[in-house]
Amino acid sequence: MFAVSSLPLLLSSSLCTFSLLPPRRRRLSRLRSRRTGTPLCRLRAGAGRRAGTVINVDEMSGIEDRDLPVDVSFTRRLPPALTVGDGLDALRRAADEVKASPPAGASSGVIRFEILVPPSTKALKWSSQFRRSSLFPQFYLSRMLTSGPSFELEICGIGSAICLHGCSSAENAVSRYISSDSHLARAYGFIDMKYDKELPSVEEKLGSYYFFIPQVELSEFHSCSILSSTMIWDDSISQTFEDAVALFESCFNQIQNNYDSSASIYHKGLVPSYISGDAHVSKTGDAQLVYLDAEVLATLDAKASVQKGKFLTSDQSFVRFSPQLFLCSNMELCFQNNAAKSFIKGCCNINLVWASLIVEECVRLGFTVVEASQDFIPIILLTADRPPELHDAGANQAINQKAEQGLLLVGAIHTDDDMWAVALLARHLSWPVATDILSGLRLRKVVNSFPGLDNNILFMDHIDQILLSDSAKNWIRPDVVVQIGSRITSKRVGMFLEMCLPSSYILIDRHPCRHDPSHVVTHRIQASVAEFAASLCQCTFQRKTSRWTEFLMVLNSVVSQEIMFQIDAKCSLTEPYVAHVIGESLYGDAIMFVGNSMVIRDLDMFGKGWINYSTNGNNMMRHHLPDFIGTAVAGNRGASGIDGLLSTAIGFAVGSNKHVFCVVGDISFLHDTNGLALLNQRARRKPMTIIVINNHGGAIFSLLPIAKTTSPQILEKFFYTSHDISISKLCAAHRLKHCLVQTKAELHEALVKSNTEQVDCVIEVDNSIDSNANFHRIMNLFSDYSTTRYLNYLLGAPCLKTVDAIPIDIIHAVEYMLYRIKLSAPRTSGPSDGRFIHEGFVLKLCVDDSIVGFGEVTPIEIHEEDLFDVEEQLRFLFHRMKDSVLDVIPLLRGSFSNWIWTSLGIPPSSVFPSVKCGLEMAILNLLASQRKCSMFEVLAGSNPLVRDGNVVEYNQNGSASIQICALVDCNGSPMEVALAVAKLVTEGFTTFKLKVGHRESPTEDAIVLQKIREVVGYQINIRVDANQKWTYEQAVEFGSKVKSLRLEYIEEPVNSVNDLIKFCEKSGLPVAIDETIDNIKGDVIPKLHQFVHPGIVALVIKPSVVGGFENATHIAKWAQLHDKMAVISSTYESSIGLASYIQLAHYIDQQNSVVSRIKNKDTCGAAAHGLGTYQWLREDVSEQKLKIHATPLGDGVQASVEDAHCYLHHLNINNDKIERTYSEEEMRSYSIQVDVDDCSYLVKLQEAGDHTNEMVVLLLHGFLGTSEDWVPMMKALAPSARVIAVDLPGHGESQILQHHVKNSEEFVVTVQLVTDLLSQLMCHITDGEVVVVGYSMGARIALHMALNEVYKIRGVVTISGSPGLRDEASRRRRIATDKSRAQFLMSCGLECFLQTWYSGKLWASLREHPKFDSLLRTRSKHKNIKALAKVLADTSVGRQKSLWEDLKHLKRPLLIVAGEKDAKFKDISQAMCREIMSHGECGSDGRNGKELCELIIIPDSGHAVHVENPLPLVRAVRKFLQKLH
């Protein structure tokens, strides 16, 4: 065995080379080194197996097109593997498939396979498996990546598919085999190193290089590992496809022979283990291992000299060229004694030595708990490859035959591989997964998808809180439970499992001891998680999503949203808030250690399951990573004690070598203050962040039943263990950084600093026992209430149509009607046009003839959108809505927005608020019609209430009506206004709202109010609304005049939100906010905290402005939680909107009652709602009248829920008030034959809009698209233009009928030819000019037409387009690339091509779009693959003439559109715009370059703007068309 200590220490050298030569040769080597006086090292290959073809690039200079890409290049990503062995088998099978069906006609190619393997597959450790292999080269490198949260990339590999060396054109040589479609494909090697083929050897030489592409490589990230293999063939260098296959098989035979799945090699001794005997060490120059990928290659200049600074370098690396030759850089372990040995020698405390070694070894093996006997963790492990417990145990049969309602319960597991195995098993079973906080899967970081989009794993993070509801507890009842891992933290879950007694309860754990105190386990399997998962994943289960599963997931969402709302709505820093957000601070590979008592329970109950996580916003690596990664959480559960927790956490940090966040309570912290001494030593570990929840005692007792029956004095004296110990001073005594936090902002800042400063830190969260107990009580009651209410709603759903017993509602028909009615007076919201006319849209959705829902969209002056904008969106949305599945859960926060995104494929933020409100209104009324009940009952469910601290059913027999506030027109003299108010008083109104701020001065408005009080008295409530008209000084002036008039509130008194609180305090008047809410963007709830001031007494909520019923309800709930009135206000809707708002307002009032009961406060009474606009309706859209009337008891004017429901249920539209009706745009489809350059084409067209409209728009799709891509946009634009979309040559149903070129290969479909074809086509369509809209390839064609077919073009819109490539070298390479892609399409077929095409960086955001799979299915319908491949090659951007210079001569208006996330084409678009604006000539209409060109960046979209975020694009195009008019 080679001894590490026998190596000479060369600490000054960053690179060392080991050459095992005979003694005489070593002496000659030393002599030669002395004579030359310069460092020189020659690496000579020994008896190793050559892998791959070795190419001297300098000798290949005479071969044509060696710098161009190979004919075929693609990457296949295989399904994740449970083990590395499974991954290797999958790679071998994939290669066998390619061998059986090789790419036809490809003389060169690169085929790559990639597969995700367990995260414990570490590069350095895995490479050690092959140290006795004769397959070379073997290499390892690591590099710290710093984009976004930094993480380390480690790579190892074995064998080479090809080797390249020479002195010139390194970039061209390598880029031939590295495709931009394969992000992980890399070439590795050295700069300034010469390869000698004859010797063979490698020696230092400036300007030379040596690169190889590995046969097999492993890329290790901190979240996962990716195993990949590469096959390369190239007939031009006599390496055939058969040779590549033979090489691949030979390599894999060696790898599989050397791979040992049971090996557990600790990497610290790895590098010395490569060396045996008396090694000679020669110092060399700075020859770091460098590597290249497609992204770096694209930035290199092929004509420039080879310079290391242009390549990606490694921080640490080694390459083994043969059994005797080994080169390493910065691998300090080569020269230093074993780290543990150094630590032992340098440590003066032998106890610390033993503690550190034991803890480190236990953690390395996955043991993180000190009380091992309680958690069944033995020190000696006995393992078997196939444990007998897996055979004939009955588990598979139990699962397969009985699991109608199966539940996967995941307890404490300790390794990344166990987490990986559970995730794959959960995906395979498709059961709900209840995860314990110690499972590592409770806090998940989202990498690739939005939470909820990936329904393959159904996580139930909040089962503990769901079980607070007796209704849920009695309903859930799983028949099969599979528990993986040790015991569960939640006592509530444990008691539930005892109660429900499933027919099969299967426990899987490694330990041989029985842990089943409740005697519910029916099957017990002693096995590792991976072994059990491997066994079960081989079985085939019926994959179906049941009604039970769907409802469970809805309940989990309900509780998750309730927890999030309550935590966000609470302004102060609470313990549940800490538990909820702590996961967001676990950057990079940070992990968590959690203490006992309330800390672990809070994390288990309130921890956020899904945490947004990505290395950066445009990281192309995201496509390769799993959808999510778990977060390891360790705990010292054992007997659930609080002793030694801090010390255990420190040992956990030492053993894991990661940044540990330790969360403990104050009593636990004080019980182990000796741990602070260990913390201060900072031996061999990364920094720690200790978060101490200090509520000055044992808070858990305040949440136990004893707290309800014991006096506060007894609790304080005997249970709370109250203290006044200063944690700050304890930290100071141990020289530790301490940070006291008392607000949410302070906590966030402290956590950020703890990550950036990289020092040990104790963060003390100050809290109190009483406030903590009260907030927990409130949280639990709201979770109980919400779970019960929504479960009752779900169970009350009729099964109209079922798929696997899940109720399915499908919207079969959609319609909108533009109405026009007369008002009795001008609207008070803006200037009057004198006509008193009001317009809007009535929406009608149908499931069938008897189930109909009505909604209303009525934009007015206060809305951003107008009628044209609204109609445009409705047309687009209605196309997507038809035949869509309706799975909206009423008022569940995020449910309606999620439906818009997942079902319609539209970013919810792009839908106008009034449109969202109208659609939601129609859907709620549709659900009410389906259930044969009122909308209020749909909103409220059974509406359980809280009584005596418990949730009970609500008695619906009470008064179901709301009070109406009268809206007063303040035009006229003070007396005229006062008399108008007096008249309304006689009609029964008791609350009035008056508009102020329109007179000459605030004093005049005050005089009006004084006159009203003189005439009417003080028995009425008066509200005034200034609509942000006044400055602070004017508002104060007004306030001083009306202070004695007892106003209920003044709405929006100042024009600056920053002056609101100041006005409250200065004037003493109660204030309400309205427009302030409307102007808040994004998540409203956290931003409302600035308005908790008691002087703000009300929130006026307009559903059509805040974006619908769901948003309005949650804003109202926030107001009620903070003891403020929530007032629903209309925006001059017809009776359809008013009837819906009446029911919403009543629900808001009932919600106020619930909030008051839960908070143990008296309700402030129902508010009068701002629906008095009904008085303005001189006409209505319906034939019947909505009943709103005064009560006989003089309680004011009221509207009943029953009357509102009856109005909507019996609604008959008055057709005399309908201007027009739209149900579905008629699409006209036809074909036109066009002859161009002795060729005949049959072009498929689709058309929408009035065929007599002079505004003609021609839509050109991108590569792989068809005219169908444009149909939603065509329907939206149809009122503005005659819109025509074509299938471009080679796409869809367009055909090349004939051509007069004998050799079809000589017939080229160039961009110029397509332009000529479209010009001829336009002559068939219209005699006038045409506006051309093109996307991607279509944008290039459109731009070409704008610059060359001026007389036929009225304007052009380019979407993600380019004027081409500027330099000849780029064009030449792009031609070859597209030719290679075309060859790949022909060789491997459309399905394989689509997978590769859309795996590129350009489509990163599109891949995350919910309609991506649907788009792929559409793309796969192309029938003429040969024509498609020809168009790809012939219309290559490399073949197209560069139009950059021509942009200066633009004559027609140009709208340039790019997606915000598409960095490449956003830059191109901006450069185009600059070029035109700086140098452009005057257009044909006299406009200059600045006037001709406009640039729009569409948010929330990438390259495929028209798919990813179409609504802003439609609006931009329509506005462009308006300008052209």
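Counting only N and O atoms by type, the side chains of Arg1373 and Ser175 include a donor and acceptor under 3.5 Å apart. Between the side chains of Ser1267 and Asp1287, a donor-acceptor pair is found at a separation under 3.5 Å. At a cut-off of 3.5 Å, with distance as the only test, a side-chain donor of Glu1508 or Ser1405 sits close to an acceptor on the other residue. A side-chain donor from one of Gln1312 and Asp1316 sits under 3.5 Å from a side-chain acceptor of the other.
For the pair Leu68 and Arg1372, the minimum side-chain heavy-atom distance is below 4.5 Å. Contact annotation: the side chain of Val1309 approaches that of Ile1296 to within less than 4.5 Å [non-hydrogen atoms, C-beta and beyond]. In this structure, Ile1284 and Val1330 have side chains that are not in contact, with every pair of non-hydrogen atoms separated by 4.5 Å or more. By the 4.5 Å heavy-atom criterion applied to side chains, Asp293 and Val296 are counted as neighbours.
For Arg1419 and Asp1269, the salt-bridge test passes: some basic side-chain N is under 4.0 Å from an acidic carboxylate O. Taking a cutoff of 4.0 Å between a charged side-chain nitrogen and a carboxylate oxygen, Arg1374 and Asp1378 qualify as a salt bridge. A salt bridge links Arg875 and Glu1225; the closest N-O separation between the charged side-chain nitrogens and carboxylate oxygens is under 4.0 Å.
A ring-centre distance under 6.0 Å is not found for Trp1270 and His1261.
Within 6.0 Å of atom CD in Glu1254, 12 or fewer heavy atoms from other residues, nucleotides or ligands are found, so the atom counts as exposed in its surroundings.
A donor-acceptor pair under 3.5 Å is absent between the side-chain atoms of Ser1240 and the main chain of Asp1235, judged by distance alone.
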